Peer 1: 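Following this message is one structure expressed as structure tokens.
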Number of protein chains: 2
Amino acid sequence: DEKYRAISPAEFFLKYKEIAGFANPARAMYQSIRELVENALDATDSHGILPNIKIIIRRADPVQNFYRITVEDNGIGIPPHIVPEAFGRVLFSSKYILRQTRGMFGLGVKVAVLYGQMTTGRPVEIITSKPGLKLIYYFKLRIDVRRNEPVILERGSWRKNREWHGTIVSLTIEGDWSRAKSKVKEYIMRTAVATPYANIVLMTPDNEIIYYERVINKLPRPPKEVKPHPYGIDLEVLKGIISSTRYKTVYDMLIHSFQGIGEVTAKKILEKTSIDPSKDPKKLTEQEKLQLINAMREYDKYRPPKPDALSPLTPEIIIAGLKRMYQPEFVEAISRKPSTYRGHPFIIEVGLAYGGKTPMSGSDKPVILRYANKIPLLYDEGSDVITMVVKEDIRWSNYLVELPAPILVFVHICSTKVPFKGVGKESIADVPEIRREIKLGISEVARRLRNYLSKKRREEELRKK
Amino acid sequence: DEKYRAISPAEFFLKYKEIAGFANPARAMYQSIRELVENALDATDSHGILPNIKIIIRRADPVQNFYRITVEDNGIGIPPHIVPEAFGRVLFSSKYILRQTRGMFGLGVKVAVLYGQMTTGRPVEIITSKPGLKLIYYFKLRIDVRRNEPVILERGSWRKNREWHGTIVSLTIEGDWSRAKSKVKEYIMRTAVATPYANIVLMTPDNEIIYYERVINKLPRPPKEVKPHPYGIDLEVLKGIISSTRYKTVYDMLIHSFQGIGEVTAKKILEKTSIDPSKDPKKLTEQEKLQLINAMREYDKYRPPKPDALSPLTPEIIIAGLKRMYQPEFVEAISRKPSTYRGHPFIIEVGLAYGGKTPMSGSDKPVILRYANKIPLLYDEGSDVITMVVKEDIRWSNYLVELPAPILVFVHICSTKVPFKGVGKESIADVPEIRREIKLGISEVARRLRNYLSKKRREEELRKK
Ligand SMILES: Nc1ncnc2c1ncn2[C@@H]1O[C@H](COP(=O)(O)OP(=O)(O)OP(=O)(O)O)[C@@H](O)[C@H]1O
Ligand SMILES: Nc1ncnc2c1ncn2[C@@H]1O[C@H](COP(=O)(O)OP(=O)(O)OP(=O)(O)O)[C@@H](O)[C@H]1O
Ligand SMILES: [Mg+2]
Ligand SMILES: [Mg+2]
């Protein structure tokens with residue numbers, strides 16, 4: 001007899017944690033650190049705060065490979081009534097909205113907590129306080145896996161004696177520092193390249209202290225939540241809007257629930273359907289909803305999606321980051337204009353460093369630093385759209401680059417929905433609109449490199465005479 | 001103010017459906033078909049039934065790209081009280097147990113239902129009956145996304161007038177047949193290669209009928225559910241066993257909840273801890289549970305995991321499938337002995353076809369047919385462990401193979417947990433134990449090919465004299 005059964009999202013992601021990046025102790029150590037760091041940076045730079053991030057990794061047991069990982073930030077903190085679910089309920093997030101952030105799934109820290117619980121039995125500890133609050137809050141929690149709920153083991157609060165805001169998260173997991181360390185250090189280093197406006201301190205179990213100091217006081221503009229664009233419409237999105245709408249007519253609901261639909265557009269869309277514009281949206285039939293979806297999709301004169309939800313780094317910040325890390329002979333960066341794919345706006349930014357301390361490339365392609373919503377991507381390089389463009393769509397010799405060479409390409413895609421291939425956020429799918437924009441962006445900076453190299457070559461030839 | 005929110009697993013997989021393989025209409029069409037076919041085959045060959053599978057794809061609208069996909073099987077059917085959740089609740093499955101099946105996540109058909117609902121608004125329809133029952137049951141359902149629950153729109157039953165058992169599932173989705181058809185046909189063809197014991201009929205929207213007739217009446221042995229092996233133990237697995245155990249002593253619980261632990265082994269494990277063997281397992285402290293985990297992991301004299309949970313195809317069936325499809329000049333297949341990775345047993349099977357109607361390879365590697373738990377994998381070939389072995393770990397010229405050549409390698413990994421890289425089941429992670437076994441398996445059949453080719457070469461030289 002078949003054993004039919006439902007499981008909770010916590011059971012699912014614990015059972016299949018390798019899909020979320022927790023494949024073995026070394027990889028789990030890497031993933032745990034990055035999930036905490038990405039949350040810490042989201043809590044700061046998405047809110048106009050210059051980040052101060054501290055990452056402390058210590059052995060937690062003399063015999064077993066247990067490590068205590070602590071990440072501290074000066075971000076917006078978490079309200080105390082939210083903390084248990086934020087850390088103890090899989091599929092809970094503040095990032096399910098249309099705004100560019102590193103986080104998107106509502107999984108990251110929870111899978112790390114589950115991994116710690118499964119390998120060491122130890123709970124997660126959180127200290128947090130929002131700006132302006134009088135109290136600092138403390139929680140010790142674990143996850144009830146079957147119910148997908150937090151279990152509060154301890155809680156407390158105390159008065160602040162100085163102005164402090166931010167969050168400190170501490171987990172204890174089974175790891176493998178000797179295997180993980182080069183990737184962890186590479187991840188933190190690449191994070192520093194993209195966030196030269198952050199102070200980042202890494203303290204390792206080998207008692208090493210690595211400090212990336214802030215070199216620029218400028219932040220990327222914080223992303224702003226936007227309403228959905230009609231290009232991204234489908235029946236379930238529409239049903240969601242209808243069920244939560246306060247508007248009494250379809251006409252008003254269209255104008256106020258979407259960006260890019262004004263009074264004229266709303267009229268034109270509704271003219272293509274048999275729907276009375278003054279009809280109560282909650283009374284629309286299935287047939288009418290489908291008509292409305294089709295009319296919205298076929299209309300082609302919308303204003304393009306607003307880029308307000310995006311938060312590009314900007315060429316100035318990319319150049320500052322590349323200069324500090326590689327002291328290159330030549331450095332350039334560009335930020336493409338916003339584009340869209342399937343209703344989601346995106347911006348491609350490209351940086352290029354050449355010479356100086358830039359690492360030597362392979363014989364087939366430059367060193368590639370891939371970023372998505374400011375997150376460095378280190379694994380699954382081969383199947384990433386950025387790699388495909390750099391290897392297949394750009395002929396580097398056309399730009400006077402003879403590989404191997406000390407050349408590095410920094411490619412950043414920012415979007416309200418980065419098309420990651422998996423929940424472990426390592427690799428970006430080959431979406432045609434994105435591929436085209438990356439190619440145009442890289443060609444642009446490569447042309448500037450070519451100008452520099454040809455000028456340098458002429459000067460050398462003059463000198464020889 | 002941050003918008004903190006929980007979402008259901010249905011909302012999650014609808015929002016991020018590309019991660020489950022539903023990236024665009026063509027790919028969604030492919031994925032919907034394969035999810036239904038994999039369920040149909042699981043319902044037959046895992047239960048000792050020679051499969052008869054019918055796949056019907058029809059246009060469902062004269063204007064819009066809507067397609068009705070229907071898959072019928074002669075399998076074990078579904079009890080009527082189970083149908084709504086099986087098709088209407090994400091993370092519901094009969095395959096969360098330790099037994100090799102194609103299904104494993106409890107997602108497949110539900111994401112297809114959600115995709116149909118989102119693109120066409122139409123519900124899923126199911127007709128089903130178990131062997132020996134008097135009634136056939138009908139359901140028309142959709143999914144309440146926010147609650148992750150089925151909504152039954154219609155239900156009915158009628159008396160059988162002849163013995164029939166099995167399931168018919170019908171979905172209507174937005175698709176793109178012109179873009180999807182070559183991949184869909186390739187998938188069905190490769191399924192037929194691995195299941196020469198199945199009758200498979202494919203009826204396409206172009207009114208084509210493709211029929212792969214059964215050519216062998218032998219089935220792989222059905223997999224049997226097994227108890228967990230101690231190698232796979234961790235704190236959460238142990239807690240699950242403790243909470244559901246009926247045994248009153250830790251000693252009895254160990255012997256009866258795990259395979260490979262007899263009375264002697266249970267004693268030896270407990271001697272390494274401070275736990276009284278007669279203690280009630282539900283009274284174990286956190287410290288004692290950790291001691292027990294460590295003692296179980298450190299013990300190294302277990303019987304290896306039983307392969308009863310596995311269901312290899314066998315060389316006879318692989319050869320029958322390759323012969324029918326490629327009529328090769330040379331064909332060989334082997335089934336390696338069971339091995340394990342992280343507590344999960346696995347078996348590698350390899351087939352090789354050469355000449356006849358075998359397709360021509362590329363210049364860098366033979367044609368590769370990848371399979372995991374009998375499922376053909378068509379996408380993400382580059383990042384799959386099988387591809388890595390075929391390209392990087394085997395020197396084909398050592399086996400007298402000069403690429404390009406009419407040579408095809410069939411590689412099948414069966415396991416109670418195939419290490420897929422994502423829930424879309426396209427690519428297998430590079431696990432060292434698995435990589436090694438694949439290499440040994442391919443080398444073995446390649447040696448037999450070399451014997452054949454060298455013998456053939458000598459005969460040709462003799463003939464020339
Ligand atoms: N350091 C932090 N400061 C402020 N809020 C935080 C912090 N860490 C976590 N949170 C809150 O907890 C929520 C859950 O975090 P979690 O990492 O699980 O998901 P996410 O970041 O939203 O998405 P993802 O799974 O993509 O990481 C976040 O959305 C955020 O609201
Ligand atoms: N054709 C069928 N015959 C019998 N049972 C079926 C059939 N289709 C679905 N089921 C039942 O419904 C359950 C859910 O199917 P679903 O495809 O969602 O998940 P799964 O097959 O268990 O896992 P996966 O997500 O990996 O496909 C199955 O576990 C099985 O019990
Ligand atoms: Mg996060
Ligand atoms: Mg399935």
Side-chain angles (χ1 to χ4, degrees), chain A residues 2-9 11-12 14-16 18-19 23-24 64 76 78-79 82 85-86 89 91-94 96-97 104-107 114 117-121 145-146 225 234-237 239-240 243 286-287 289-290 293-294 342 380 382-383 419-424 427 429 431, chain B residues 2-9 11-12 14-16 18-19 23-24 64 76 78-79 82 85-86 89 91-94 96-97 104-107 114 117-121 145-146 225 234-237 239-240 243 286-287 289-290 293-294 342 380 382-383 419-424 427 429 431:
Chain A
E2 292 295 285
K3 291 191 179 153
Y4 298 98
R5 183 170 159 234
I7 63 175
S8 77
E11 283 178 273
F12 180 81
L14 183 58
K15 195 164 156 60
Y16 296 116
E18 62 281 354
I19 280 176
N24 53 60
Q64 314 215 52
I76 56 161
I78 307 162
I82 292 291
E85 284 190 288
R89 184 177 164 129
L91 301 186
F92 183 92
S93 169
S94 58
Y96 287 136
I97 59 179
M104 58 197 282
F105 295 124
L107 284 177
L114 286 169
Q117 201 168 293
M118 164 198 139
T119 55
T120 69
V145 177
R146 221 168 38 74
E225 183 185 0
D234 65 63
L235 275 165
E236 288 295 328
V237 169
K239 282 182 185 176
S243 69
E286 287 299 317
Q287 208 35 269
K289 285 175 196 161
L290 251 179
I293 298 280
N294 286 331
R342 288 184 223 138
D380 297 342
S383 56
F420 285 115
K421 296 181 101 177
V423 299
S427 180
V431 172
Chain B
E2 291 293 284
K3 290 190 181 154
Y4 298 98
R5 184 172 156 232
I7 63 173
S8 77
E11 284 179 272
F12 180 82
L14 183 59
K15 195 164 157 59
Y16 297 116
E18 63 280 355
I19 280 176
N24 53 59
Q64 314 215 50
I76 57 162
I78 307 163
I82 292 290
E85 284 191 289
R89 183 176 164 130
L91 302 186
F92 184 92
S93 170
S94 58
Y96 287 137
I97 59 178
M104 58 197 281
F105 295 125
L107 283 179
L114 286 170
Q117 202 168 294
M118 165 197 136
T119 54
T120 69
V145 178
R146 222 171 36 76
E225 183 184 0
D234 66 62
L235 274 167
E236 287 296 328
V237 170
K239 283 182 183 174
S243 70
E286 287 298 319
Q287 209 33 271
K289 284 175 197 160
L290 251 179
I293 298 280
N294 286 332
R342 287 183 223 138
D380 296 343
S383 55
F420 285 114
K421 298 181 99 175
V423 299
S427 180
V431 171

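Here is how names work: the chains are called A, B, and so on, in the same order as the sequence lines, proteins then strands, and each is numbered from 1. Worth knowing before you read on, the calculation uses all heavy atoms, side chains too, and leaves out hydrogens, waters and symmetry mates. In this text the structure is predicted, and so the values were computed from the model without any measurement.
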Peer 1: Go through A:K15, A:R342, A:K3, A:K289 and name the one with the most non-hydrogen pairs under 4.5 angstrom from chain B.
Peer 2: A:K3

Peer 1: With a 4.5 angstrom heavy-atom cut-off, is it the side chain or the backbone of B:I76 that approaches chain A, or both, or neither?
Peer 2: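 Answer is side chain: those atoms of B:I76 sit under 4.5 Å from chain A.
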
Peer 1: For chain A, which of B:A23, B:G240, B:G106, B:G424 has the most heavy-atom pairs under 4.5 Å?
Peer 2: B:A23

Peer 1: Heavy-atom pairs under 4.5 Å with chain A: which of B:R5, B:E236, B:E11 has the most?
Peer 2: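 Greatest number of close heavy-atom pairs with chain A: B:R5.
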
Peer 1: Please classify the contact between B:I7 and chain A as side chain, backbone, both or neither, with a heavy-atom cut-off of under 4.5 Å.
Peer 2: both

Peer 1: Which bit of B:V423 is near chain A, if near means a heavy-atom gap under 4.5 Å: side chain, backbone, both or neither?
Peer 2: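 Looking at B:V423, backbone and side chain both touch chain A.
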
Peer 1: By a 4.5 Å heavy-atom criterion (distance strictly below it), what part of B:L114 contacts chain A: side chain, backbone, both, or neither?
Peer 2: neither

Peer 1: Is it the backbone or the side chain of A:S243 that comes under 4.5 Å from a heavy atom of chain B, or both, or neither?
Peer 2: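 For A:S243, no heavy atom lies under 4.5 Å from chain B.
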
Peer 1: Going by the angle between their ring planes, with limits at 30° and 60°, are A:Y4 and B:F92 parallel, tilted or perpendicular?
Peer 2: parallel

Peer 1: Of the backbone (N, CA, C, O) and the side chain (C-beta and beyond), which part of B:S427 lies under 4.5 Å from a heavy atom of chain A, both, or neither?
Peer 2: neither

Peer 1: Please rank A:E286, A:K239, A:Q117 by heavy-atom pairs under 4.5 Å with chain B and give me the top one.
Peer 2: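 The candidate making the most pairs under 4.5 Å is A:Q117.
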
Peer 1: If you look at every heavy atom in A:I19 and B:K421, which pair is closest and at what distance?
Peer 2: CG1-O, 3.9 Å

Peer 1: If we only count heavy atoms from C-beta on, is the B:Q64 to A:N294 side-chain gap below 4.5 Å?
Peer 2: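 Side chain of B:Q64 against side chain of A:N294, heavy atoms only: contact under 4.5 Å found.
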
